[in-house]
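Side chains are part of it too, since the values below use all heavy atoms of this structure and drop only hydrogens, waters and symmetry mates. If you read the sequence from its start, that first residue is 1, and numbering goes on from there.
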Amino acid sequence: MSATVKSGEGTGPEAGNVPAAVRRVRAVRTEGGLSLRLDVRATVVGLLLLAVALAAGIALIGSGDYPMTPAEVLATLTGGGDPGQQYIVHELRLPRVLVGLLVGAAFGISGAVFQTVTRNPLGSPDVLGFAQGSSVGALVAIVYFQAGAFGVAAGAVAGGVGTGLAIFLLAWKRGIHGYRFVLVGIGASAMLYAMVLFLMTKANIVEATRATTWMTGSLNGRDWDQVQPLAAVCAVLVPLLLFHGRPLRMLEMGDDAAYALGVRVDRVRITVLLAAVVLVAAATAAAGPISFVALTAPQVARRLTLPRWLKGGGGAPMPGPNLVLSALMGAVLLVAADWASQRLFGADQLPVGVLTGVLGGGYLLWLLATERRAGRV
C-alpha cells in the first residue's frame, strides 16, 4: 500500500479557492488499484466525535439512582460485574443509550440529506413537517385505536412516510427542487400542527397525557423492542445514503453540472429523500419527535470542518453533505442532551426533547441572524 499527500485538493466547486495550508487531502492507493481520499481534518473530527459519543454513552449508562463508575460499566459490558449490575446495564440502561445513539445518528444524517438537497440550512425534517406527520399518525393510533407501543410506533412511521409522499407529490414539477420543496414542507407543517391540535381536543385526559408525553420526545423506558427495529432500518438505509454521498456532493454544484458529470439527478434526489424520510419516521417512532437535532447536527458538523480562514470571513461551509460527521454529531448531541436532562435539573428530570428544543431554538435564532447578515434570507 502506498500513500501520498496532496495539498489544496478539494472535492467541490470551491476547491480551487482553498489554500493548501488549510485543506489537506490524503490519497491512499492499494496495489490492486483501489484508492481512498481522506480529508485529514474531517477524519480527525470524526474520530473525536466517535470517541465523545462512546464516552457520553458510558457516562449515561453509569448515571441514575444506582451510579456506576466508567470502569464498572466497561467491566459489565464485557461480561463482568455482579448480577445486579448486569441487569441494570443490559436490561435497563444499555437499550436506552443505544436508542439515543441510533436516533441521533438517524436524525443527523437525514438532516444532512435534506439540507443538501434543498440547499438550505433550514431544510430540516422537523421544519418541513415530517415530525408533525409522524405525530399525527401516532395520535390517530392513540385517540381512535387506543393502540399500544407497537401500534403507536406503526402509526408514527405511517404518518411520517405518508407526509413525505404527499410533500413529494405537491412539490413535483418536472422534478423536485429545493425552494419549492421547502415551501410545500412549511405549509404542510402548519396544517399538520393544526391536525395535532384537533386530535388533542378529541382525546380524553388519559389519552391526552399519553400523547403529550410521546410528542415531547423522550428516551425514558426505551428497551430492546425499540432498539432492534431501528437498528435494522439504520443497517439498510444508512449505507444506502453513504453510497449516494458522491452524487449528493455533485448536486451541490447545480443540476446542470451534475447531469454533465453523469449523475441521474431526479433518481438520486428521490432515492435519498425517500430513505431519509423513512429514517426520520423510524427514529420518531422509537423516541418521539425530538426537535432540532436534525437541524443542528449537520450545521455544527460542517462548521467543525470549516477552515479557519472562512470562519472569520462569513463564508459558507465547505461543500459536501458530511453524512458520516452529521450522523456522529447527531448521536453526540442527543446522548449528551439526555445525560444533561438527567443530571442538571435535580429531581425534576426533563424529557430530552424539552432540552433539545430549548437549545435548538436558540441555535435556530442564531442561524437566522447569520443567514440574514450574509444576505441569504
Side-chain angles (χ1 to χ4, degrees), residues 43-109 148-150 153 217-242 279 282-288 290 293 297 323-347 349-353 355-356:
T43 302
V44 172
V45 170
L47 292 175
L48 289 175
L49 288 177
L50 179 60
V52 172
L54 294 177
I58 292 173
L60 186 57
I61 292 175
S63 301
D65 295 333
Y66 183 85
M68 299 172 64
T69 66
E72 291 174 334
V73 172
L74 291 174
T76 305
L77 289 173
T78 55
D82 57 48
Q85 290 175 330
Q86 291 180 3
Y87 176 78
I88 290 173
V89 170
H90 292 288
E91 298 300 326
L92 299 181
R93 297 180 182 174
L94 180 59
R96 176 186 181 128
V97 171
L98 290 178
V99 169
L101 291 172
L102 290 171
V103 168
F107 280 143
I109 196 170
F150 179 80
S218 175
L219 297 178
N220 293 335
R222 296 306 181 263
D223 55 27
W224 293 106
D225 290 338
Q226 284 83 35
V227 174
Q228 295 166 356
L230 181 58
V233 172
C234 290
V236 174
L237 296 183
V238 170
L240 176 64
L241 292 176
L242 295 180
L279 263 182
T284 304
I290 298 175
V293 174
L323 298 181
V324 174
L325 293 182
S326 298
L328 291 173
M329 178 56 68
V332 169
L333 289 177
L334 189 53
V335 174
D338 192 38
W339 179 88
S341 67
Q342 292 186 55
R343 303 293 295 176
L344 301 183
F345 299 94
Q349 295 185 5
L350 293 178
V352 66
L355 187 58
T356 60

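To the nearest 0.5 Å, atoms CD1 (I290) and OG1 (T356) are separated by 6.0 Å. From R93, atom CZ reaches atom CD1 of I58 across 13.5 Å, with rounding to the nearest 0.5 Å. Here the CG atom belonging to D338 is positioned 12.0 Å from the CZ atom belonging to R343, to the nearest 0.5 angstrom. L50 contributes atom CG, which lies 6.0 Å from atom CG of L328 (distance to the nearest 0.5 angstrom). In this structure, NE2 in H90 is found 6.5 Å from OG1 in T76, a value given to the nearest 0.5 Å. Here CD1 of I88 is found 13.0 Å from CG of L94. Values are rounded to the nearest 0.5 Å.
Residues S341 and L355 come closest through the heavy atom pair N-CD2, 3.9 Å. Scanning all heavy atoms of the two residues, the minimum distance from L230 to A286 falls at CD2-CB, 4.0 Å. Listed here is the closest heavy atom pair of F107 and G288: CZ-O, 4.3 Å. Heavy atoms only, all atoms of each residue included: L279 and A106 are closest at CD2-CB, 4.0 Å. Taking every heavy atom of both residues into account, L49 and V332 meet most closely at O-CG2, 3.4 Å. In this structure, C234 and P239 approach most closely via the heavy-atom pair O-CD, 3.4 Å.
Every residue meeting the side chain to side chain donor-acceptor pair (under 3.5 Å) condition with N220, not counting sequence neighbours, appears here in chain and number order: R96, S218.
Between V233 and L102 there is no side-chain heavy-atom pair separated by less than 4.5 Å. Using a 4.5 Å heavy-atom cutoff, the side chains of V44 and L47 are not in contact.
Annotation: salt bridge (charged side-chain N to carboxylate O under 4.0 Å, His left out) contacts involving residues 218-242, sequence neighbours excluded, are absent.
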Worked verdict on I109 versus L237 for side-chain contact (heavy atoms from CB on, under 4.5 Å): CA-CA 10 Å; I109 196 170; L237 296 183; over 6 Å; no

Between side-chain atoms of residues 63-71 and protein atoms elsewhere (two or more places apart, or another chain), which donor-acceptor pairs fall under 3.5 Å?
from, atom 1, to, atom 2, distance (Å)
S63, OG, A59, O, 2.7
S63, OG, W339, NE1, 3.3
T69, OG1, E72, N, 3.2

